[in-house]
There are 2 protein chains.
Amino acid sequence: MPGPTVPEGYDKHAHEPFAVTADLAVLTIRDGVLHVLLVERGQEPYKGHWALPGGFVQPDESAETAARRELAEETGLSDVSGLHLEQLRTYSEPDRDPRMRVVTVAFTALLPHPPEPHGGSDAAQARWVPYDKAGPLAFDHDRILADAHDRVGGKLEYSSLATAFCPPEFTLGELQHVYEVVWGTVLDRPNFRRKVLATPGFVEPVPGAARLTGGRGKPAALYRAGTATTLHPPLLRPIPEGRPA
Amino acid sequence: MPGPTVPEGYDKHAHEPFAVTADLAVLTIRDGVLHVLLVERGQEPYKGHWALPGGFVQPDESAETAARRELAEETGLSDVSGLHLEQLRTYSEPDRDPRMRVVTVAFTALLPHPPEPHGGSDAAQARWVPYDKAGPLAFDHDRILADAHDRVGGKLEYSSLATAFCPPEFTLGELQHVYEVVWGTVLDRPNFRRKVLATPGFVEPVPGAARLTGGRGKPAALYRAGTATTLHPPLLRPIPEGRPA
DNA sequence: CCTTTTATGGTCAGCACGACTATTAGTCAT
DNA sequence: ATGACTAATAGTCGTGCTGACCATAAAAGG
């Protein structure tokens, strides 16, 4: 395999030092509130500021691989293979890092059950922070986080993404809670139920008359994520339109 | 501004030579068929193969800026400021370029009226190729192109993206044609009309009783793109579901 | 003048959806 | 126990969107 010398046909400008990182917007629901995983930076720049977890892509990694590796490191989870990880977009403004040229590929990760506050391996410290209170972050991470929230909120409409926030077996109430928390709305429970059950492949009941205990009220039937990835018809969020400008 | 030396807090691995490129999936409709802009590679690797247009991101550019610059160069258009350009995703597999580590940020561009076959400035030659006949492309460009098509097809449902394929003033028949060509389906004309006109902000009529000539049949009223970017409710494509696997 | 073509207008049944009420089945406090 | 409370589930009903049609208007071409 040829080394990193410049082959003919490539402009030499290509070898300006581009560093490539993978940053993660890890979202979960804790205590009924949307939370995001943040780390406190221990180095300049933005030392002491909170930031999205992430790190450099290694020479033998894809950005996806790097993101999953970072996710495992930061969350301390042993098995991140089943977690939902999705590329968000790439941020490449020349001045987004004051020190050098860093292009970051941002990812969105969704976790069902929040692993305890944990301490990342290399990161200074990592914490779950309510999405609303995720104050000014380092670099352009505020925008990345906002983009991630937008993307997730939109994908809830036409994909079965909401199940990624839920454990393997969940109740329809838990599923509805995901929509309400991410969208910041309140949904009608019977109507939500009717819609979900009428969407083929969204969820499938757990046959063994399984029921969930623990809370008050009538026990709820358990469901598993179905085989469908896209929802037809979509589950539209209430009245988000009306801003034609 | 500090030079490209490694500041403390950055892992030295960050400085493995990552080249960053911006590649474009430029789509348009010619003669009622979806076309994509391809260039023939004049250099190894993949010399003689067709590929998506693109090029290296310069040190002072964002990927978006580089993409728009490349778009102007490849299409020969003087004004690309009004064209729809959207980041698709980033492809970073370590072996996607046999020579060196190249991370590419892919973009999708939509053109209303196809500029003539043109000859790009630096590229060997550029041609409009029907989407169906865009044979095996260089690198992983087949997948990029397929991803672009998927993305565009999906965004037609819930955004006013279709107007980006149309000239500033267009008929509802032309707009419908965009949907039919991208989706590969046939739509009912009266129903399409009713739906589009009922969606606030999608299109607005050109007041000056303007009408289009040139073809057979009754002249059609002209419309402009409205102010809305997202469609509520969405314009769902017929029967694309049913594949729960 | 008649056919062809395309745009536009309208009808009608089915059903999806929102709003709402009712019932069931648990926990908890007294 | 017993009643209050909570949450899940079931059902109803009217509005409005949708798909499948049919009909008419306005041009071009023979």
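Numbers restart at 1 for each chain; the letters A, B, ... are given by sequence-line order, proteins then strands.
Taking atom CG of residue A/D188 and atom P of nucleotide D/dT12, one finds them 16 Å apart after rounding to whole Å. Following rounding to the nearest Å, B/L222 (CG) and C/dT8 (C1') show an atom-to-atom distance of 15 Å. In this structure, the CG atom of B/N191 is 17 Å from the P atom of C/dG14, given to the nearest Å. Taking atom CD of B/E174 as the reference point, atom P of C/dT5 lies 19 Å away to the nearest angstrom. Rounded to an integer number of Å, the gap from CZ of B/R193 to C1' of D/dC22 is 16 Å. In this structure, B/H232 places its NE2 atom 15 Å from P of D/dC17, rounding to the nearest Å. Put simply, CG on B/L197 is 13 Å from P on C/dG10, counting in whole angstrom units. Atom CZ of B/R189 is separated from atom P of C/dA7 by 4 Å (rounded to the nearest Å).
The listed nucleotides are C/dA25, D/dA26, D/dT6; the one nearest the side chain of A/R216 is D/dT6. Nearest nucleotide to the A/A220 side chain, out of C/dA25, C/dC17, D/dT9: D/dT9.
For A/R89 and A/Y91, the positive end sits near the middle of the six-membered ring, less than 6.0 Å away and at most 45° from its axis.
Within the 4.0 Å cut-off from OP1 or OP2 of C/dT5, not a single side-chain nitrogen or oxygen of B/K218 is found. Considering only side-chain N and O atoms, B/K195 lies nowhere under 4.0 angstrom from the phosphate OP1 or OP2 of D/dC17.
Aromatic ring centres of B/Y131 and B/H149 lie closer together than 6.0 Å.
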- Message: Let's go through B/R69 and B/E73 carefully: what are the C-alpha distance in whole Å and the side-chain angles of both, what is the deciding distance for salt bridge (charged side-chain N to carboxylate O under 4.0 Å, His left out) to 0.1 Å, and is it a yes or a no?
- Response: CA-CA 6 Å; B/R69 172 178 53 76; B/E73 292 176 2; 3.5 Å; yes
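Taking for each of A/G217 and A/L172 the nucleotide of DNA chain D with the nearest heavy atom, the 5'-most of the two is the partner of A/G217. Remark on DNA chain D: of its neighbouring residues B/R194 and B/P190, the 5'-side contact belongs to B/R194, judged by nearest-heavy-atom nucleotide.
In this structure the side chain of B/L175 reaches within 4.5 angstrom of the side chain of B/V203, judged on heavy atoms.
Residue A/R151 holds its CZ atom at 5.5 Å from CD of A/E86, rounded to the nearest 0.5 Å.
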